[in-house]
**Student:** 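Could you have a look at this structure, given as structure tokens, before my questions?
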Amino acid sequence: PRFASRIIAPRATTAAPRAGVSMATFQTKAFDAEEIKLSGTTEYIVRGGRDQFSRLTDAFDGVKQIGVIGWGPQGSAQAQNLRDSLEGTDIKVKVGLREGSPSMDSARAVGFTEEAGTLGDMWDVVGESDLVILLISDAAQTKLYKKIFETMKPGATLGLSHGFLLGFLESVGEDFPEDMNVVLVAPKGMGPSVRRLYEQGKTVNGAGINASFAVHRDVTGTATDVALGWGIALGSPFMFRTTLGEEFRSDIYGERGILLGAVHGIAESLYRRYTAAGMSEEEAFNNACESITGPIVKTISHDGILALYQKLSESQKAEFQRAYSASYRPAREILEEIYDEVSSGNEIRSVVMHGDRLGDFPIGKIDGTRMWTVGEEVRAKRVEEDIPLNAFTAGVYVATMMAQIDVLLKHGHSYTEIVNESVIEAVDSLCPYMAYKGVSWMVDNCSVTARLGSRKWAPRFDYIFDQLAYTAVDAGAPVNEDLIQDFENHSVHDAVSVCASLRPSVDIAVGGESTAKEFSG
């Protein structure tokens, strides 16, 4: 089984999440809530799988139409998964797009049509649906939320896949209408992963992307089952509870950290370091970038974070320790700042303001620089077995991942949220695409919010590693043995093992035929 590596007992100094909504039980009439133990804490989950699809009509009791608003990668994936899961029921899934949207043809190509009543004008669909799943961009939500609220019919449920809108409303002193159900289902992966793993799940029961769920407001008493039904219909192997506030803080923070921004900064800083040390450009790219998206994350995915360290030779462990010891605190410094910026609303305001400038200053691409053009050549002639597991690279990457985990623990997030946001999403959803198409491709093709965050924070990681971490290594700074011991004994290793046991042993197939929408544009 995955993550079967030895688990060392956590030290007494390890932080633990505070008791909160994610650790409280919840009432569901349609599904079975299950108690799990994670590093000394108790949480409650619901398992998904195709064998649960027969319960969906009970979960969606009173829901005749689900409106999916938007056709980005998430909108496309979720609309198709919902439609396929609800086939044979009386529940209609209808896509709503703005008049004249070029995405209309894309939706028609996968079976949503005006003639069948499954494709229509955005505002008509918002007004007639019992569950309105809002999957337009974060920036668009901040511009259109008032009209959306006014257009929804009484008793309808608003569904979000990101807590960004709550963060924005808090920043301007507003809230959702009091007479409206508000729920969240947040798949822990990007849209193409949601669709591709669902397609794989047609032959492997339960293949899909884990999801968190939240009930922000329950006016009708049915919101919990509606949220759970939505997530299970998407193919989630298991669902864990969060709040909209915890979700946007961990998600926006995570994509600026190890999910995207940090890995972007790590790869560029190490590429320069390795070329300066005499490696060829191809060798430097292999050791800086291919090593992360190949053997490092694959080992973490299958065996756990600690197993990556344990499989190293003694000399490699010494190299890992030097890199980890020098990188943890610089990474932690930036990650603490990111969390504060997200939690305070500053990062959300920054995204909204940047969105107002996009018409004059579109987001540029990063893939034209020398490093990423070299990377394209390296990937074209890649031999998987020849990709090195560079111990120094592993030390920097794992130090950043552990620092990200520790910040979330400090702020009381649950282990299920921490492991899914900072480990599983990184190694099982994003990095497979980075390996397939490149880190630069991922930075250039993810959501606008994530793209802006990566461009803003990747240079900060790059510079602080270059200025503080690598200079400390080069100056012969001693390894901080307490940091290494904390890593070896960290409570998260047990939580990672438990969370991994809840997901199917299937890796995402990033190539091949699929109806997934791969690009954000």
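What you see is a predicted model, and the numbers here were worked out from it, not measured in a lab. Excluded from the calculations below are hydrogen atoms, water molecules and symmetry mates; all remaining heavy atoms, backbone and side chain alike, are included.
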**Student:** State which residues pass ring pair (Phe, Tyr, Trp, His ring centres under 6.0 Å) with Phe149; sequence neighbours excluded, sorted by chain then number.
**Tutor:** Tyr145, Phe176
**Student:** Return yes if a side-chain donor-acceptor contact under 3.5 Å exists between Ser212 and Glu247, otherwise no.
**Tutor:** no
**Student:** Please identify each residue that fulfils side-chain hydrogen bond (donor to acceptor under 3.5 Å, both in side chains) with Lys64, with sequence neighbours left out.
**Tutor:** none
**Student:** Is any side-chain heavy atom of Arg98 closer than 4.5 Å to one of Trp123?
**Tutor:** no
**Student:** Under the ring pair (Phe, Tyr, Trp, His ring centres under 6.0 Å) rule, what pairs show up with a residue in residues 185-204, not counting sequence neighbours?
**Tutor:** none
**Student:** Would you mind reporting whether Gln80 and Thr515 have side-chain heavy atoms less than 4.5 Å apart?
**Tutor:** yes
**Student:** Taking salt bridge (Lys or Arg N to Asp or Glu O under 4.0 Å) as the definition, give me every residue that meets it alongside Glu347, ordered by chain and number, with sequence neighbours left out.
**Tutor:** Arg256, Lys456
**Student:** Locate the shortest heavy-atom distance separating Thr293 from Cys431; write the atom from each residue and the value.
**Tutor:** CB-O, 4.2 Å
**Student:** If we ignore angles and hydrogens, is there a donor and acceptor under 3.5 Å between the side chains of Gln404 and Thr400?
**Tutor:** no
**Student:** Among all residues two or more places apart in sequence or in another chain, which pass the side-chain hydrogen bond (donor to acceptor under 3.5 Å, both in side chains) test with Ser236?
**Tutor:** none
**Student:** Holding to salt bridge (Lys or Arg N to Asp or Glu O under 4.0 Å), I want the full list of residues that pass it with Arg195, two or more places apart in sequence or in another chain.
**Tutor:** Asp84, Glu199
**Student:** Could I get the full list of side-chain hydrogen bond (donor to acceptor under 3.5 Å, both in side chains) partners for Tyr274, not counting sequence neighbours?
**Tutor:** Asn390, Thr393
**Student:** Under the side-chain hydrogen bond (donor to acceptor under 3.5 Å, both in side chains) test, which residues partner Glu114, sequence neighbours left out?
**Tutor:** Arg108
**Student:** Out of the candidates Phe238, Phe26, Phe240, Trp230, only one should pair with Phe213 under the ring pair (Phe, Tyr, Trp, His ring centres under 6.0 Å) rule; please name it.
**Tutor:** Phe26
**Student:** Does any N or O in the side chain of Glu43 come within less than 3.5 Å of the main-chain N or O of Tyr415, such that one atom is a donor and the other an acceptor?
**Tutor:** yes
**Student:** Are there more than 12 heavy atoms of other residues, nucleotides or ligands under 6.0 Å from atom NZ of Lys29?
**Tutor:** no
**Student:** So does Asp90 have more than 12 non-hydrogen atoms from other groups sitting under 6.0 Å from CG?
**Tutor:** no
**Student:** Test Lys188 against every option in Glu421, Glu417, Glu425 by the salt bridge (charged side-chain N to carboxylate O under 4.0 Å, His left out) rule and name the one that passes.
**Tutor:** Glu421
**Student:** Write out all pairs satisfying ring pair (Phe, Tyr, Trp, His ring centres under 6.0 Å) with one or both partners inside residues 72-121, taking only residues at least two apart or from two chains.
**Tutor:** Trp71-Phe112
**Student:** Any ion pair linking Glu384 and Lys298 (charged N to carboxylate O, less than 4.0 Å)?
**Tutor:** yes
**Student:** Partners of Glu290 by salt bridge (Lys or Arg N to Asp or Glu O under 4.0 Å), sequence neighbours excluded?
**Tutor:** Arg382
**Student:** Mind checking whether Pro187 and Leu234 have side chains closer than 4.5 Å, heavy atoms only?
**Tutor:** yes
**Student:** Answer with yes or no whether the side chains of Trp372 and Glu268 bring together a donor and an acceptor at under 3.5 Å.
**Tutor:** yes
**Student:** Whether the side chain of Arg196 engages the backbone of Pro192 through a donor-acceptor N/O pair (distance < 3.5 Å, no angle test) should be reported.
**Tutor:** no
**Student:** Just jot down the salt bridge (Lys or Arg N to Asp or Glu O under 4.0 Å) partners of Arg47, sequence neighbours excluded, or say none.
**Tutor:** Glu34
**Student:** Side chains of Thr28 and Asp225: is there a donor and an acceptor less than 3.5 Å apart?
**Tutor:** yes
**Student:** Would you please say whether a donor-acceptor pair under 3.5 Å links the side chains of Thr416 and Ser414?
**Tutor:** yes
**Student:** State plainly whether the residues Asp130 and Lys92 are in salt-bridge range, i.e. N to O under 4.0 Å.
**Tutor:** no
**Student:** Does some side-chain heavy atom of Asp444 sit less than 4.5 Å from a side-chain heavy atom of Arg455?
**Tutor:** yes
**Student:** State, yes or no, whether a side-chain contact exists between Met434 and Val297 at a heavy-atom distance under 4.5 Å.
**Tutor:** no
**Student:** Do Leu502 and Ile36 touch side chain to side chain, with heavy atoms closer than 4.5 Å?
**Tutor:** yes
**Student:** Flag the pair Asp386 and Lys381 as a salt bridge only when some basic side-chain nitrogen lies within less than 4.0 angstrom of an acidic carboxylate oxygen.
**Tutor:** no
**Student:** Is there side-chain contact between Lys311 and Asp303, with heavy atoms separated by less than 4.5 Å?
**Tutor:** no
**Student:** Examine Tyr339 together with His413 and report whether their ring centres are nearer than 6.0 Å.
**Tutor:** yes
**Student:** Give a yes or no on whether Glu377 atom CD has more than 12 heavy-atom contacts from other residues, nucleotides or ligands under 6.0 Å away.
**Tutor:** yes
**Student:** Taking side chain as C-beta onward, heavy atoms only, is Met122 less than 4.5 Å from Leu144?
**Tutor:** yes
**Student:** Which pairs count as side chain to side chain donor-acceptor pair (under 3.5 Å) when at least one residue sits in residues 360-369, sequence neighbours excluded?
**Tutor:** none
